[in-house]
Peer 1: 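The following block contains the structure, expressed as structure tokens.
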2 protein chains.
Amino acid sequence: MSRQAPTLEDVAREAGVSRATVSRVVNGVRNVDPAIQELVRQAIRRTGYAPNRAARSLVTRRAEAVALVVSGAGDTSEEAQAGFAARVFADPFFGRVVAGIVGHLRPRSVHPVLMFAESAAAREEVLTYLGQGRADGALVVSSHADDPLPALLAEASLPAVLFARPARPVPLSHVDVAHRDGGRLAAEHLLARGCRRPATISGPLALPAGQERLAGFRDALARRGHARVPVAEGGFTHDSGLAAMAALLAEHPDVDGVFAANDLMARGACQALRDHGRRVPEDVAVVGFDDSTAAVDRHPHLTTVRQPVEDMAAEMARLLDEHIHGTRTDPTSVVFAPELVVRESA
Amino acid sequence: MSRQAPTLEDVAREAGVSRATVSRVVNGVRNVDPAIQELVRQAIRRTGYAPNRAARSLVTRRAEAVALVVSGAGDTSEEAQAGFAARVFADPFFGRVVAGIVGHLRPRSVHPVLMFAESAAAREEVLTYLGQGRADGALVVSSHADDPLPALLAEASLPAVLFARPARPVPLSHVDVAHRDGGRLAAEHLLARGCRRPATISGPLALPAGQERLAGFRDALARRGHARVPVAEGGFTHDSGLAAMAALLAEHPDVDGVFAANDLMARGACQALRDHGRRVPEDVAVVGFDDSTAAVDRHPHLTTVRQPVEDMAAEMARLLDEHIHGTRTDPTSVVFAPELVVRESA
DNA sequence: ATGAAAGCGCTAACAA
DNA sequence: TTGTTAGCGCTTTCAT
């Protein structure tokens, strides 16, 4: 709309040097006389020059941007799409992912482009976007077990890194947390505080995260003599946690400890427990998973298995960097250790 | 990393026409013989051609991307930054904004680049980013009353549209909801269902939204004979709502209706109420504001004043479009009507 | 209706 | 150390 933006040429003229020299100081390439460097810097300041990124990208073949794609599964209609974005963002987990990614990207001045891939058309769009070179690679967070996007990305050999191991193997790097260890941590804590009748609200068993948190919890309990542990499957949402807890209570009114496979469900469990006249943690101890904002956004603050999400997300970004720059070519998986955070609920 | 991407030139050779012709069919410019058009389309398919966006942007001077900036106020440190992103995303409100924006942007194949402007350095980055032409304009959502970004954007005459009227006037377009009308709706509903002792938990009074929702509520009540209404100021968070409700209860144990200036605080109020042995809505009716996911993510589902956030966000994107394309030059404000949604809590 | 050709602003050989 | 120059892939007059 406004004034015509100054170009390298303008700065060069202003400083009385060539375009190439200006380009060199802009890009911090050495072999430039300090005096001239200063001259150029002043000219840049005077002209208010800012490098045109399209021009640069055209020659460097790099967008300095990555797609941050939030991926679903189905062939959702336009209607459902709006809800999809809202739902994803409602998950307190996602904010930490973004924070971790931005933390890594920002110092490198690369920026995340937000994309949703909840339908076939949307997935196609992601591929096109990357194909056009508008982003150098993709960071993908799937919300479903059978998300087709990772495979598509791999097939097109586009640089991409996933959050969490996909349900079926895909030759793509990913980061994850040691879910089994997390389940174990929860079990041991419950036992250590004296629980005799532990139960669990698992995540969706179609997801590796759901299976493994459960397996870790069960194994640790089995090793300590609890062969059969009541399980109710949840869907990682508040309501499913509430319902699962109610079901558990109906079958086993004497439970005194619950491990919920995420914080949202733990919150739901707390509410169900209160609705049934049980105090947390006096009557029933509750351990969550994630350490999301949901863990401390109301009382009782949740004792929970912390996933170092920010670190994991930063590592995703780092891996993607390496794939983009060709420093790493083989798919790699980096697994982080969970950590028990003891608060009020157990 | 992989195969060299095909260019216009390649397609042209393949189809036996000139680059210009291929460009024309790619961009849907008429004046191209239908037969040749088909020929070119086939060549495109065969080669798997995808236009290089950097090259296109270089000549069109358009990035086909907009910055979606979430803006704070202070001069926050790096440390606090991580928390900032997580906090913003935790607000169920933000997901709807994103959904509305993406709904408008996607059909036009423009994409949102996520940026946080919570510190002076980060704000500078936003300006640079736009100055470099990496995005054509900015959609900004401020979380604080004294956010300096809008003024900076206006000063640099960069295309930008705000969500909500800024606390101090800035020559930038924005969308908003009629807060006063919303407050009035809440008051009338409470009265209509028989409340005799209404009170309110206001938003931060530094924000126009805080002031006006309160003013609308008060005015409507005053007109119906309730001259003095108990008010507790909250901070739009769950905890502040809980605390405010507790304070209200301490001073006025007989309240029978509460208008909370957003859903998060309404949830906090519900919890405080329950903690004090009051049933919702039997003993105390609660009305929220926003109709965010928080309104229905647990029981009782909230009766609330719905802000048509998706529509507002879409309108933001539309306005920005117009500013970018020069179809609109003067700052404009578009105000949406709120709507009462009656559910369980009142 | 189609083609030829001139750039858009930048980087990166290559020369000097 | 600095300058010259050749593109990067695309759109867009201007001819034809």
Side-chain angles (χ1 to χ4, degrees), chain A residues 3-41 43-44 47-65 109 128-134 136 325, chain B residues 3-41 43-44 47-65 109 128-134 136 325:
Chain A
R3 56 10 190 16
Q4 179 66 351
T7 73
L8 260 196
E9 188 72 51
D10 298 323
V11 179
R13 194 176 325 109
E14 178 82 14
V17 298
S18 75
R19 286 212 310 273
T21 300
V22 179
S23 174
R24 286 182 188 112
V25 352
V26 168
N27 294 296
V29 178
R30 54 175 178 287
N31 296 347
V32 178
D33 185 297
I36 298 208
Q37 230 171 96
E38 188 46 33
L39 222 61
V40 171
R41 259 184 247 296
I44 289 178
T47 52
Y49 169 75
N52 177 313
R53 299 299 313 215
R56 179 180 293 180
S57 287
L58 183 54
V59 28
T60 60
R61 306 181 155 291
R62 202 134 276 165
E64 304 287 295
S109 13
T128 307
Y129 196 83
L130 292 165
Q132 290 183 149
R134 299 183 68 172
D136 302 321
H325 294 103
Chain B
R3 57 7 195 14
Q4 179 68 351
T7 74
L8 259 197
E9 187 71 53
D10 298 324
V11 180
R13 194 176 324 110
E14 178 83 13
V17 298
S18 74
R19 286 211 311 269
T21 301
V22 179
S23 175
R24 287 185 185 107
V25 352
V26 168
N27 294 297
V29 178
R30 55 176 179 285
N31 296 347
V32 178
D33 186 298
I36 298 208
Q37 230 171 97
E38 188 46 35
L39 221 61
V40 172
R41 257 184 248 297
I44 289 179
T47 53
Y49 169 75
N52 177 312
R53 300 300 312 218
R56 179 179 292 179
S57 288
L58 183 55
V59 29
T60 61
R61 305 178 158 292
R62 204 133 276 165
E64 303 287 296
S109 7
T128 307
Y129 196 83
L130 292 164
Q132 291 184 148
R134 297 182 71 172
D136 302 320
H325 294 103

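Naming convention: chains lettered A, B, ... in sequence-line order (proteins, then strands); numbering from 1 in each chain.
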Peer 1: Name the first nucleotide and the last nucleotide along DNA chain D (5' to 3') that come under 4.0 Å of a heavy atom in chain B.
Peer 2: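 Nucleotide range in contact with chain B: D:dG9 to D:dT13.
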Peer 1: Taking all non-hydrogen atoms of both residues into account, name the closest pair between B:P6 and B:T47 and its distance.
Peer 2: CG-O, 3.3 Å
Peer 1: Testing the basics here: between B:V11 and B:V40, what is the closest heavy-atom pair and its distance to 0.1 Å?
Peer 2: CG1-O, 4.3 Å
Peer 1: Would you classify B:N31 as touching base, sugar-phosphate or nothing, given that sugar-phosphate means primed atoms plus P, OP1 and OP2, and contacts are heavy atoms under 4.0 Å?
Peer 2: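 Answer is base: heavy atoms of B:N31 come under 4.0 Å of a base.
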Peer 1: If only atom types and distance count, is the side chain of B:T21 paired as donor or acceptor with the main-chain N or O of B:V17 below 3.5 Å?
Peer 2: no
Peer 1: Do B:R62 and B:H325 have side chains that get closer than 4.5 Å, going by heavy atoms?
Peer 2: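 Yes; the side chains approach each other to less than 4.5 Å.
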Peer 1: Both A:E9 and B:T21 contact DNA chain C. Which one's nearest nucleotide lies toward the 5' end?
Peer 2: B:T21
Peer 1: With heavy-atom distances below 4.5 Å as the criterion, would you say the side chains of A:E64 and B:R134 are in contact?
Peer 2: yes
Peer 1: Between atom CZ of A:R53 and atom OG of A:S109, what is the distance when rounded to the nearest 0.5 Å?
Peer 2: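 One finds 7.0 Å between CZ of A:R53 and OG of A:S109.
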Peer 1: Of the non-hydrogen atoms in A:A63 and A:S57, which two are nearest, and what is the gap between them?
Peer 2: CA-OG, 3.8 Å
Peer 1: Between B:A55 and B:D33, just flag the one whose closest nucleotide in DNA chain C comes earlier from the 5' side.
Peer 2: B:D33
Peer 1: When we call it a touch if two heavy atoms are under 4.0 Å apart, what does B:R53 touch: a base, just sugar-phosphate, or nothing?
Peer 2: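 No contact at all - B:R53 keeps every heavy atom at 4.0 Å or more from the nucleic acid.
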Peer 1: About how many Å separate CG of A:N52 and CG of B:L58, when rounded to the nearest 0.5 Å?
Peer 2: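 Here the rounded value is 6.0 Å.
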Peer 1: For residues 31-39 of chain B, which side-chain N or O atoms pair as donor and acceptor with protein atoms under 3.5 Å away, sequence neighbours left out?
Peer 2:
{"residue": "B:D33", "atom": "OD1", "partner": "B:A35", "partner atom": "N", "Å": "2.7"}
{"residue": "B:Q37", "atom": "OE1", "partner": "B:R41", "partner atom": "NH2", "Å": "2.9"}
{"residue": "B:Q37", "atom": "NE2", "partner": "B:V32", "partner atom": "O", "Å": "3.0"}

Peer 1: Compute the bend angle of the helix from C:dA1-D:dT16 to C:dA16-D:dT1 from the end axes (five pairs per end), rounded to 10°.
Peer 2: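 It works out to 40° between the end axes.
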Peer 1: Restricting to side-chain contact (heavy atoms from CB on, under 4.5 Å), what partner residues turn up for A:L8, sequence neighbours left out?
Peer 2: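 Partners of A:L8 under the side-chain contact (heavy atoms from CB on, under 4.5 Å) test: A:R19, A:V22, A:S23, A:Y49.
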Peer 1: Can you list everything that forms a salt bridge (charged side-chain N to carboxylate O under 4.0 Å, His left out) with A:R13? Sequence neighbours excluded, please.
Peer 2: A:D10
Peer 1: Taking for each residue the nucleotide of DNA chain D bearing the nearest heavy atom, is the 5' side occupied by A:R19 or by A:V32?
Peer 2: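 Upstream on the strand: A:V32.
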Peer 1: Taking any atom closer than 4.0 angstrom to a non-hydrogen atom of chain A, what span of DNA chain C does the protein reach, first nucleotide to last?
Peer 2: C:dG9 to C:dA13
Peer 1: Quick one: label B:V17 by what it contacts on the DNA or RNA (base, sugar-phosphate, nothing), any heavy atom closer than 4.0 Å.
Peer 2: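 Here B:V17 touches the backbone only, sparing every base.
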